[in-house]
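Comments concern the structure below.
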Amino acid sequence: MKAVILAAGQGTRMGPLTRNIPKVMLPIANKPLLLHVIQSARDAGIREFVLVVGYGAKIIEDYFKDVSLFDVSIEYVHQEKQMGTADAVGSAKGMVGDRFLVLNGDIIVNPAHIKKLIECGSDVVLTARHVDNPSEYGVLEVQGAGVLRIIEKSPDPPTNLANAGIYVFPSSIFDAISVTPLSIRKEYEITDSLQMLIDKGTNVGFLTLSDKWMDIGRPWELLDANEYFLSVLQPDISGEIEPFATLKGSVSVGEGTIIRNGSYIAGPVIIGKNCDIGPNCYIRPGTSIGDNVRIGNAVEIKNSIIMKGTHIGHLSYVGDSIIGERCNFGAGTKVANLRHDGRTIRVILKEKLIDSGRRKLGTIMGDDVHTGINSMINVGAVVESKAMIAPGELVK
């Protein structure tokens, strides 16, 4: 069986993080989100993949150009204009067999669930999950083990079984897609195509998720996923550790990296290749540091994702943050990550104020940002790519 992975979108809800790369290539534990999705399916027995790409397609194709490194085969289909999930799935017509798996490039599930899904006997199999607030999701109306209807965001949903966006389809889905009308959102929805199959009497079943499920839709969900994957990190020291540096717990250090004297690293922490860490810095659990990163003297970093090529100057603090590529922090830059009143932190994304649900959240920073010495960044601040923050400036 082949797997079709939908990976064409930019991911605008990620704010400045996707100005230069597609969401599916954002790093989690120093691997792109898309690689985690592929590895999960591979571990369930899938070896052949069709990636539906669009925004940032070359970045994806360049990363996976040597597929032998990943023990899979990959074909690509380009969706030039994103016109909905049905349009994306339909673009894979002629590239899959009579039955195929569909995954979203930003949803990670346990391989055990994928294995159960592809072994189900129904013509179509949907993945469902129990949710506390079903009115915010498309939900399944079911009878026994069969699906009767898929209902989009109803104020009075018939069940709390949300559609998780992971499917096994027969080739007949392409016939339904070809006659699927535009939705009210001016997109071709795969749920409308599915409803056509149900109405024609196709056996549509569902499998409820009982394992880990991560839908990476907003920036702080990268931090949740990062913590999850670091929790199973195996120690691997390939770089140089100077004699008076201390590493505790699960710490991975890439080739060409030096951990200088006085550095204290408490795992789980992953550090990429060719990094220069310390001296006398403190890197706390839940932190991922990409390749070619410089962490200066007396810097503290906690539960954060630091992307490749970034330099964090001495006497700085970064907590619960996502820092883009090639940023440069002037000495003494401080990132706040906890509100004084203890309330959850709100973030402005796409001109909307969104409650992150997190008590601790620092900054969401794009690529190529420069901060001046002693600058301050308040909780939940979104910093656009190429921003220049003046010495002593407070960013809210």
Side-chain angles (χ1 to χ4, degrees), residues 1-7 9 33 36-37 40-41 43-46 52 84-86 88-89 96 99-170 172-173 176-177 180 183 185 187-218 221 224-225 228 357:
M1 183 181 288
K2 288 186 178 182
V4 175
I5 300 182
L6 311 184
L33 168 55
H36 288 288
V37 175
S40 184
D43 293 346
I46 303 289
V52 181
T85 48
V89 174
V96 294
R99 204 161 183 257
F100 61 100
L101 175 70
V102 172
L103 301 167
N104 278 284
D106 57 1
I107 296 178
I108 302 171
V109 291
N110 193 300
H113 175 80
I114 296 175
K115 189 169 175 55
K116 290 177 188 174
L117 196 70
I118 61 182
E119 291 174 350
C120 283
S122 301
D123 296 330
V124 177
V125 191
L126 283 66
T127 295
R129 67 185 183 102
H130 292 284
V131 295
D132 296 328
N133 47 347
S135 61
E136 296 182 6
Y137 298 89
V139 298
L140 310 183
E141 181 180 345
V142 300
Q143 186 176 58
V147 178
L148 299 179
R149 278 196 305 160
I150 304 166
I151 301 167
E152 290 296 332
K153 294 185 180 181
S154 166
D156 186 26
T159 70
N160 69 342
L161 287 172
N163 177 18
I166 302 165
Y167 312 96
V168 171
F169 285 135
S172 58
I173 190 67
I177 289 171
T180 297
S183 69
R185 298 192 304 172
E187 293 185 348
Y188 298 101
E189 311 282 359
I190 196 65
T191 48
D192 292 339
S193 309
L194 268 167
Q195 192 63 54
M196 292 180 187
L197 293 184
I198 293 170
D199 294 343
K200 288 183 177 180
T202 303
N203 180 13
V204 177
F206 69 97
L207 184 64
T208 305
L209 269 169
S210 57
D211 299 310
K212 186 69 177 178
W213 181 86
M214 289 177 282
D215 183 359
I216 317 297
R218 296 189 173 100
E221 289 161 350
D224 296 334
Y228 172 77

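For this chain, numbers begin at 1 and follow the sequence in order.
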Mind checking the [atom1]-[atom2] spacing from [X] to [Y]? Nearest 0.5 Å is all I need.
X      : Y      : atom1 : atom2 : result
Leu197 : Asp123 : CG    : CG    : 9.0 Å
Glu119 : Met1   : CD    : CE    : 9.5 Å
Leu194 : Ile150 : CG    : CD1   : 4.5 Å
Glu221 : Tyr228 : CD    : OH    : 16.0 Å

Could you pull out the closest heavy-atom pair between [X] and [Y], with the gap in Å?
X      : Y      : value
Phe206 : Ala128 : CD1-CB, 4.3 Å
Ile198 : Leu148 : CG2-O, 3.3 Å
Ser193 : Ile177 : OG-CG1, 3.6 Å
Ala176 : Thr180 : O-OG1, 2.7 Å
Ala88  : Val52  : O-CG2, 3.7 Å
Val131 : Ala162 : CG1-CB, 3.8 Å

Is the shortest side-chain heavy-atom distance between [X] and [Y] below 4.5 Å?
X      : Y      : value
Val204 : Ser122 : no
Phe169 : Arg99  : no
Ile107 : Ile216 : no
Ile108 : Leu33  : yes
Val168 : Val124 : no
Phe100 : Ile173 : yes
Met214 : Asp224 : no
Leu140 : Leu126 : yes

Ile118 vs Ile46, side-chain contact (heavy atoms from CB on, under 4.5 Å): CA-CA, chis, key distance, verdict: CA-CA 10 Å; Ile118 61 182; Ile46 303 289; 4.3 Å; yes

Using modelled atom types and a 3.5 Å cut-off, is there a donor and acceptor pairing between side-chain atoms of [X] and backbone atoms of [Y]?
X      : Y      : value
Asp106 : Gly217 : no
Asn110 : Ala112 : yes
Ser183 : Arg185 : yes
Ser40  : Val109 : yes

Only residue of Ile5, Ile114, Val4 satisfying side chain to side chain contact (heavy atoms under 4.5 Å, CB included) with Leu101 is Ile114

List the steps, then state whether side-chain contact (heavy atoms from CB on, under 4.5 Å) holds for Leu161 with His130. CA-CA 5 Å; Leu161 287 172; His130 292 284; 3.4 Å; yes

Which residues satisfy the side-chain hydrogen bond (donor to acceptor under 3.5 Å, both in side chains) test with Lys116, sequence neighbours excluded? none

What residues, two or more places apart in sequence or in another chain, satisfy side-chain hydrogen bond (donor to acceptor under 3.5 Å, both in side chains) together with Thr191? Glu152

Test side-chain hydrogen bond (donor to acceptor under 3.5 Å, both in side chains) applied to His113 and Thr127, step by step: CA-CA 9 Å; His113 175 80; Thr127 295; 2.9 Å; yes

Restricting to pairs with a member in residues 140-151, which pass salt bridge (Lys or Arg N to Asp or Glu O under 4.0 Å), not counting sequence neighbours? Glu141-Arg149

What do you reckon, is CG of Asn133 surrounded by more than 12 foreign heavy atoms closer than 6.0 Å? yes

